[in-house]
Protein chains: 2
Amino acid sequence: MKLNRLYSFLKADIEEIEKELEVAIQSDSSLLQEASLHLLQAGGKRIRPVFVLLSAKYGDYDINVVKHAAVSLELMHMASLVHDDVIDDAELRRGKPTIKAQWDNRVAMYTGDYIFARALEYMTHIRVPEAHRILSHTLVELCKGEIAQIQDKYRYDQHLRDYLLRIKRKTALLIAVSCQLGAISSGAPEEVHKRLFNFGYNVGMSYQIIDDILDLTSTEKELGKPAGSDLWQGNITLPVLYAMDVPEVKGKIIRVREESSPEEIQSVIEAIRGTDAIERSYALSKRYLDRALEDLDHLPANKVKRTLKNIANYIGKRKY
Amino acid sequence: MKLNRLYSFLKADIEEIEKELEVAIQSDSSLLQEASLHLLQAGGKRIRPVFVLLSAKYGDYDINVVKHAAVSLELMHMASLVHDDVIDDAELRRGKPTIKAQWDNRVAMYTGDYIFARALEYMTHIRVPEAHRILSHTLVELCKGEIAQIQDKYRYDQHLRDYLLRIKRKTALLIAVSCQLGAISSGAPEEVHKRLFNFGYNVGMSYQIIDDILDLTSTEKELGKPAGSDLWQGNITLPVLYAMDVPEVKGKIIRVREESSPEEIQSVIEAIRGTDAIERSYALSKRYLDRALEDLDHLPANKVKRTLKNIANYIGKRKY
């Protein structure tokens with residue numbers, strides 16, 4: 001079962017978003033255009049636009065209005081990936097060379113800036129001042145999350161709350177805001193925005209935890225990037241944090257360096273998988289997923305609600 | 001005569017902006033806070049806030065409203081400096097080490113992102129949707145200017161129009177928009193926004209040309225960074241472009257590389273100064289300055305207009 005089967009009734013609108021994304025990154029600068037297009041064609045699940053559109057169904061849905069919010073959120077996500085690649089020194093994303101690997105860090109930085117700017121520009125088509133405040137505040141939080149990630153690298157004395165705050169800022173907030181701004185852009189009632197924001201936040205937390213688990217349980221082929229990348233780069237993810245409860249495993253983890261060999265990384269991954277860290281991480285992801293489903297309980301029962309529920313369940317159970 | 005003597009009647013409001021700038025970059029992340037504060041304390045002329053405040057005087061001036069636009073524009077400028085330093089591999093700005101030199105490129109990138117985001121967030125206090133559209137569009141153009149600068153490095157076959165478009169996007173637009181958004185945020189009539197936008201654009205063009213001249217005519221002590229930096233980095237500025245009309249000088253210019261020694265750079269600077277390039281550059285700067293003064297002719301004669309005129313003249317004649 002593929003994710004997009006869950007919202008096939010949105011197919012025409014998703015195609016409209018895809019077209020609009022190409023228009024959005026058009027530029028008279030050939031370098032910029034090439035760099036952005038490259039990123040666009042690498043694909044992605046477009047899960048943020050899907051959340052925008054579904055949430056907008058709770059109000060007065062007009063694709064010609066709502067599409068601006070959907071494009072804006074996807075551009076925001078794309079821009080953060082570009083800057084993420086600069087920071088991660090990543091050479092591959094979704095199995096394709098990153099912008100940074102193909103050009104260089106400087107072009108990647110300005111391409112990211114350009115896409116961020118385009119994202120904000122698109123949102124100005126939504127004539128609700130609140131929408132711009134929310135989006136720019138989200139960008140502020142996103143940056144704080146990124147800086148925290150740099151600061152917390154190889155910091156083994158951190159707590160669960162550090163990790164949770166980081167993934168809130170880096171992932172969950174953008175999904176929460178996709179739901180919220182979808183609802184706002186179609187004039188849905190405030191009570192609905194708030195529920196959908198919480199739903200998106202909980203789905204986002206669940207999603208990122210699964211992502212962090214998969215970094216340790218999937219193959220390079222499934223991930224489109226080397227397994228254990230987070231570990232290698234000193235990102236202390238949830239399973240790593242849990243695994244450190246076992247002193248011998250902690251001893252192995254804190255010896256990981258950027259210079260560590262693939263064999264060393266593999267042996268640390270196996271040590272982590274030998275603990276209950278993966279299982280505990282799945283349990284926490286499940287708790288967020290359950291909360292997301294509870295948030296939906298308060299919304300009217302209809303096709304949109306069923307779809308949101310199916311997507312949440314899909315995300316909470318995906319294998320890669 | 002110091003620049004700030006020209007607008008001493010704004011002293012209290014400028015101090016308010018300065019305080020607000022400190023609030024704006026406050027963060028619970030110590031790294032981010034330190035990096036931003038460092039930049040703030042390096043100072044600067046705060047010329048963009050001054051243009052915002054002066055332009056706002058053409059409408060219903062309320063410092064508690066207008067200050068958000070002023071802070072936003074200065075933050076926008078600061079963020080672009082941070083990213084500029086990443087791209088320029090600059091180690092000094094205004095005589096102080098850059099964020100990049102003190103920390104590293106990654107922190108500099110996210111600090112810039114953070115400040116951009118804060119800039120956009122501040123502008124959302126101005127309850128005019130047009131203001132957000134203008135600001136995010138300005139950021140789009142700024143990025144295009146930066147990418148063009150990378151692309152045009154060491155490209156000796158470029159034309160005057162390439163240079164002019166680059167400095168428009170990199171410098172003049174942000175000054176134009178400072179004037180425009182100042183006027184918009186105080187509800188000044190549309191005719192006034194447009195005049196002030198043009199005034200700011202022409203002042204900005206004049207300003208950047210002078211800046212590019214000073215890179216070749218000032219000392220390291222006056223500039224706060226090594227003389228001939230642009231030349232060194234392959235940025236083809238107006239005087240360099242004009243000097244290339246002399247074949248022997250062009251021959252020297254196209255041999256400049258990042259590895260060139262300070263002595264080689266000095267000899268190329270002297271060759272350029274031996275042509276009429278500096279004089280012709282001053283003449284073009286003067287033309288923009290004259291146009292800026294013409295734009296003011298159409299505005300009511302008052303203290304604000306006299307001040308704008310004095311600032312424009314000051315900028316057009318500054319020695320460093």
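First the proteins, then the strands, lettered A, B, ... as listed; each starts at 1.
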Best-contacting candidate, B:L139, B:T138, B:L142, against chain A by heavy atom pairs under 4.5 angstrom: B:L139
From [atom1] ([X]) to [atom2] ([Y]), nearest 0.5 Å:
X	Y	atom1	atom2	answer
B:E121	A:L135	CD	CG	10.5 Å
B:E146	A:R106	CD	CZ	11.5 Å
B:R127	A:E130	CZ	CD	6.5 Å
B:D84	A:M109	CG	CE	8.0 Å

If you define the side chain from C-beta out and look only at heavy atoms, does anything of [X] sit under 4.5 Å from [Y]?
X	Y	result
B:T111	A:I147	yes
A:V107	B:I150	yes
B:I134	A:T124	no

Test item: A:Y110 side-chain N/O and B:H83 main-chain N/O as donor-acceptor pair under 3.5 Å: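 Yes; at least one donor-acceptor contact below 3.5 Å.
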Would you please go through residues 178-187 of chain B and name the residues with a non-hydrogen atom below 4.5 Å from one of chain A, in numerical order?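 Not one residue of residues 178-187 of chain B has a heavy atom under 4.5 Å from chain A.
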In terms of heavy-atom proximity below 4.5 Å to chain A, should B:F116 be classed as side chain, backbone, both, or neither?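 Contact with chain A is through the side chain of B:F116 alone.
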Walk me through it: do B:D113 and A:D113 pass the test side-chain contact (heavy atoms from CB on, under 4.5 Å)? CA-CA 8 Å; B:D113 287 0; A:D113 287 1; 3.5 Å; yes
Looking at chain B, which one of A:E141, A:M123, A:H125, A:H132 has the largest number of heavy-atom pairs inside 4.5 Å, strictly under?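 Most heavy-atom pairs within the cutoff with chain B belong to A:H132.
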